[in-house]
Every structure is written in structure tokens, then in C-alpha cells.
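What follows is one structure encoded as C-alpha cells, with my remarks underneath.
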Number of protein chains: 2
Amino acid sequence: MLERTDGVVLERAGRKRGETRDRLLDLAERAVLEKGFAATSIDELIVAAGITKSGFFYHFRDKGELAKALLTRYLERDEVILDDLFGRAAELHEDPLHRFLIALKLFAEMLADLPGAHPGCLAASYCYQDTLFSQEIRDLNAAGVRAWRARFRGHLAEIAALHPPRIPVDLDVLADMAATLVEGGIMVSRVLRDGAILPKQILAYRDHIRLLFLREH
Amino acid sequence: MLERTDGVVLERAGRKRGETRDRLLDLAERAVLEKGFAATSIDELIVAAGITKSGFFYHFRDKGELAKALLTRYLERDEVILDDLFGRAAELHEDPLHRFLIALKLFAEMLADLPGAHPGCLAASYCYQDTLFSQEIRDLNAAGVRAWRARFRGHLAEIAALHPPRIPVDLDVLADMAATLVEGGIMVSRVLRDGAILPKQILAYRDHIRLLFLREH
DNA sequence: CCGAAACTGTACCCGTGGTACAGCGCCGGC
DNA sequence: GCCGGCGCTGTACCACGGGTACAGTTTCGG
């Protein structure tokens, strides 16, 4: 046990590797989504994490390295979530169109079940402060959006091969429409403080896909 | 002419009234869209405007008042642009559905004709830094998004009355879809540095409207 | 020529990012 | 059982930016 000048007693039972670092990332992610990267001070993070400034700079060379670690972790988790979502949808149906429609429904449900509204998207937050970041980080962000496009385009190509669309359609545009509605939906949800808007927009995208590809009546 | 809080009307003297103030707003808008409000320093604005810090605080009580003036001006201009767009579309066709489709085409053309990509949306930028701003500013932002919803909902209600939709549809969701695709489209365009994405998303929205309401084939 | 609008100049406070570097407790491995 | 390195702490210091305070100056219209 160690007592700081302010009287706070710290436990110092040799912390596990990456434990404090992960706590810093968690705290930073919340703060950045709330008020942006520039307005998130190192000081507030170290107070919340119960460490000193030196401790912060032990884990991250500078604020830019924090930004990079934050985005990398965010994009990795994002991939895992979507893999899981489309994986589960694939177990439920054989046809690519119906798999896609199921995945969109599951996605909308997942977003609707969040307590309160969606906290926001790091990629969008970074996008609106992009001159603050290195080219490397901007490239990382672009790669993330392109991964979304590639994923959705893949599903859409399978669908279009089996179900000719009712009107001519550019599959890249249709793939980007997913990312666009998610990003825009998060923004509109946040501004209006209504968490229901985002899942409804996903379902509107689902309707568009149905109208384009589904042959019925 | 300026009306003071006590009602006295002041006349312009020295430099033309609002000239420097407008220049500060122009510079601030560019900077905020590029790197966010928190990262935009008063210092860079006064250097670019060729005035001193005292000059800045003559025009704005603090940075918050700059933020408010910036957003107010932005939302006002936005209204004018959309009024003009839908006004021109109304001159070209009598049917509300075709007017709407024409307006969306004009909108997409306008966005495609911008040199480079769309510079960004202040409302979205503020949204991702919203704890920095006063409740008043957040309310202003929400009112702006609600104005978009009301405008589009009005057109859609007229359309739905004449052209029953092919599938059941929530007009509020369909109205929000416009704002959502614009905000998301700006974000994706920026991240991928491809100004063509935003207008294509508008046209995808147009396709969705056509599939929903247009009876042909 | 007067008064007010639209500034300038100076001085000062605090918070934040960032640098530099010495030291110290704890744990695993030899 | 001791030793090295990991994961920090402590201290000191710098520049910049937001913000406050307030007196003084220029310019222009009436």
C-alpha cells in the first residue's frame, strides 16, 4: 500500500501486464466519444485510472499513440461483432438474400437492446478531427470503412447473382449505404437523444434490400 | 444596424459592422470542420483575420458565443439552400412524388459539383463534441435535425397520399433517412477522400423512394 | 468636432501536452 | 535468496491556449 500526497491509498500488488493500459483505453474511449479527442485530457484519464502522468507516458509515447491504439482496438472489435452477426445469420438460412435480411434484423435488434443510445462511433469522431491525427491513423480509419464496404459488397454480389435486382444498381453504392446509414443513424440518434432511430434506419435499409431483390406476389 | 439589449439602435462606424466578425466566422467554420471545435484555437483565428486577441473578445464574449454564432449561421444557410432546391423542383413538376425525385436529383448534382469533397457538416462535428457545448447549442442542433425531418416528412406525406407505398412504411423513419444518408455520406466521403460517394448515396435514397412509391413496369 | 464603434496593448492566471530523468516496489526466474 | 526488469511514482520544468481585466487609440458618420 502506498499513500499519495492527496491521501488516496493505492494498491500496488504488481499489476498484470496491460491491465492499466486497458483501463486507460476504456476511459479514453468513453471520453473521446463524449467530447472528442482534442477535448479529452491526459489529466482526466490518469485521475480516473488512479495513476500519475509518468505512468501514462510509460504506456503511450504521446497522445497520438493513444489515439492509434484506441482506433485499432475499436476496429478489431467491430470486425468480431460483424463476423459473429453474419455467422449466426448463416446458420439460420441457406439463401444469401435471406441470410443478409436476417443479419440486418439481428443487427437492428442488437442496436435497439443497447441501454440508452449508441455511444457513438470512433471512426466518425476521428473523421471530424482528422487533421489532429497522423496519416497512419487516417489510413487506418479509411481501411476500416473499406472493410465494411468489402464485407457488404461480398454479400450483395452473392445476392445479385441469384436474385436479379428490380432496377439497375451499383453494388458498391449499395454496400456503402450500410456504413452510411449506420454512421448517419448514430449521429441523428445522438443529436435527438433517441436511441430508437439507429435501429429503425437499419430496418429501412433492410426494406430497401427487400424491394430491390425480393421477388414475391 | 445593431439593436442593443436596451433597445438603442447603433449605426456602423469604423470598419463596416460585422465585417471582421464575418471573417472570423468564415475562418472558424473552415477550421472547425477540419479539426473540430476544441482543436480550433482563438490564436489561429486572430492571426488569420489580422486582429488581436482583444479584438476577438470584442466580437465574442467567449469561445462558446463563437460556437453558437457559427451554428446559427450554418443552420440558417442550410434552410435557404433547401428552400431554394425544393422551390426550383416545384417549378418543374406538379406531382409531389416527381417534385421530390427532381429535388433529390438537383441535390445530388449540387453536391457532385462541389470542388473536391464536401467540407463537412457543422451539426455532425458538434454532435461528436457535444459535452463541450452549452445546452442551448445542443438544443439548436437538435432543432436543426428536427427541421430536416419535418421538411422531408411534409413532402413524403403529400406523396403517400397520392401514391400508396408498395410496402408499409413509417414516414418519420423515411424522412430521417434523408438526414441520415447525408450525414453518413459526408462522413464516408471524408474518410475515403472520395467526393462522389455523398451524391451517389443521395441517388440511392432516390431509388428507394422510387421503388416505394412509383408505379411502373 | 464629438462620440461611439472597432479595435490595440499589456499584463496576468490556470490547465494541458509534453520532456527528462531518477527512484522504488514487486514478481518470476535462475 | 537475490537480481533484473516491469510498472509504475515524484519532481521539475517548458510552451501554448483559453480566458480576464482594463486602459488607450483610431476611424468615421452625423
Side-chain angles (χ1 to χ4, degrees), chain A residues 1-25 27-28 31-32 35-70 129 131-134, chain B residues 1-25 27-28 31-32 35-70 129 131-134:
Chain A
M1 302 273 245
L2 193 74
E3 195 162 345
R4 256 178 5 193
T5 47
D6 56 10
V8 175
V9 176
L10 303 169
E11 280 191 43
R12 289 208 38 214
R15 276 170 181 146
K16 277 182 190 146
R17 218 196 101 69
E19 195 181 272
T20 301
R21 194 185 141 97
D22 281 346
R23 211 161 64 254
L24 283 170
L25 287 173
L27 290 163
V32 170
K35 57 194 170 194
F37 188 77
T40 298
S41 74
I42 294 175
D43 217 63
E44 71 181 273
L45 299 179
I46 64 179
V47 168
I51 60 165
T52 63
K53 209 176 199 180
S54 314
F56 177 88
F57 286 104
Y58 170 75
H59 288 293
F60 304 100
R61 200 187 319 114
D62 53 26
K63 224 186 160 192
E65 204 181 290
L66 171 69
K68 190 182 148 193
L70 218 51
Q129 313 182 45
T131 55
L132 286 180
F133 302 109
S134 65
Chain B
M1 299 271 253
L2 169 71
E3 195 167 343
R4 257 173 11 191
T5 46
D6 59 6
V8 175
V9 174
L10 305 168
E11 312 229 329
R12 52 197 195 167
R15 259 189 203 152
K16 286 201 176 117
R17 212 207 96 68
E19 195 182 272
T20 301
R21 193 185 143 97
D22 281 345
R23 209 160 68 253
L24 284 170
L25 286 173
L27 290 163
V32 170
K35 58 194 170 193
F37 188 76
T40 298
S41 74
I42 293 175
D43 217 65
E44 71 181 274
L45 298 178
I46 64 178
V47 167
I51 60 166
T52 63
K53 211 176 201 179
S54 313
F56 177 88
F57 287 103
Y58 170 77
H59 289 292
F60 303 100
R61 200 186 319 112
D62 53 26
K63 224 187 161 192
E65 204 180 288
L66 171 69
K68 190 183 148 190
L70 218 49
Q129 314 183 46
T131 57
L132 285 180
F133 303 109
S134 65

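Quantities reported herein were computed from a predicted structural model and do not represent experimental measurements. All chains are named by letter (A, B, ...) in the order of the sequence lines, taking the proteins before the strands, and each is independently numbered beginning at 1.
- Checking D:dG17, D:dG19, C:dG17 against every side-chain atom of A:I42, the shortest atom distance belongs to C:dG17.
- Scanning both residues, A:E44 and A:A31, for their nearest heavy atoms gives OE1-CB, 3.9 Å.
- Interface remark: the A:K53 side chain does form a donor-acceptor pair with the C:dG17 base, using a distance-only criterion of under 3.5 Å.
- Atom CG in A:L70 sits 11.0 Å away from atom NZ in A:K63 (nearest 0.5 Å).
- Of the residues near DNA chain D, B:S54 and B:D43, the one whose nearest nucleotide (by heavy atom distance) lies more toward the 5' end is B:D43.
- In this structure, the CZ atom of A:F57 is 18 Å from the P atom of D:dT11, given to the nearest Å.
- Residue B:H59 places no side-chain N or O under 4.0 Å from the OP1 or OP2 atom of C:dA6.
- Looking at A:K35, its side chain never comes within 3.5 Å of a backbone N or O of B:F133 through a donor-acceptor pair.
- Computed from coordinates, the A:L45 CG to C:dG17 P distance equals 8 Å when rounded to whole Å.
- Between the side chain of A:K63 and the base of C:dG18 there is no donor-acceptor pair of N/O atoms closer than 3.5 Å.
- One atom, CD of A:E19, and another, C1' of C:dC27, lie 14 Å apart when rounded to the nearest Å.
- Atom-to-atom distance recorded for A:I42:CD1 and A:L24:CG is 10.0 Å, nearest 0.5 angstrom.
- With distances taken from any side-chain atom of A:T20 to the nucleotides D:dC8, C:dA5, D:dG19, the minimum falls on D:dC8.
- With hydrogens and angles ignored, the 3.5 Å screen pairs no side-chain donor or acceptor of A:Q129 with any backbone N or O of B:A39.
- Going from atom CZ of A:F56 over to atom P of D:dC6 covers 20 Å, rounded to whole Å.
- Contact annotation: A:Y58 side-chain N/O to D:dG7 OP1/OP2 distance is under 4.0 Å.
- Of the inter-residue distances, the one linking B:D43 atom CG with B:T52 atom OG1 reads 10.5 Å to the nearest 0.5 angstrom.
- Distance CZ (A:F60) to P (C:dG18): 13 Å, rounded to an integer number of Å.
- When the C1' atoms of four end pairs are superposed on the next four at each end of the helix from C:dC1-D:dG30 to C:dC30-D:dG1, using five pairs per end, the two resulting axes differ in direction by 10°, to 10°.
- Sequence order on DNA chain C of the closest nucleotides to B:T52 and A:F37 puts B:T52 first from the 5' end.
- Rounded to an integer number of Å, the gap from CZ of A:R21 to C1' of D:dG7 is 13 Å.
- With C:dC7, D:dC8, C:dG18 as the candidates, the nucleotide lying closest to the side chain of A:I51 is D:dC8.
- For the pair A:R61 CZ and C:dG17 P, the computed distance is 17 Å after rounding to whole Å.
- Rounding to whole angstrom units, CD1 of residue B:I46 and P of D:dG17 are separated by 10 Å.
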Which donor-acceptor pairs under 3.5 Å do side chains of residues 53-62 of chain B form with protein atoms, sequence neighbours excluded?
residue	atom	partner	partner atom	Å
B:R61	NH2	B:E65	OE1	3.2
B:D62	OD1	B:G64	N	3.1
B:D62	OD1	B:E65	N	3.0

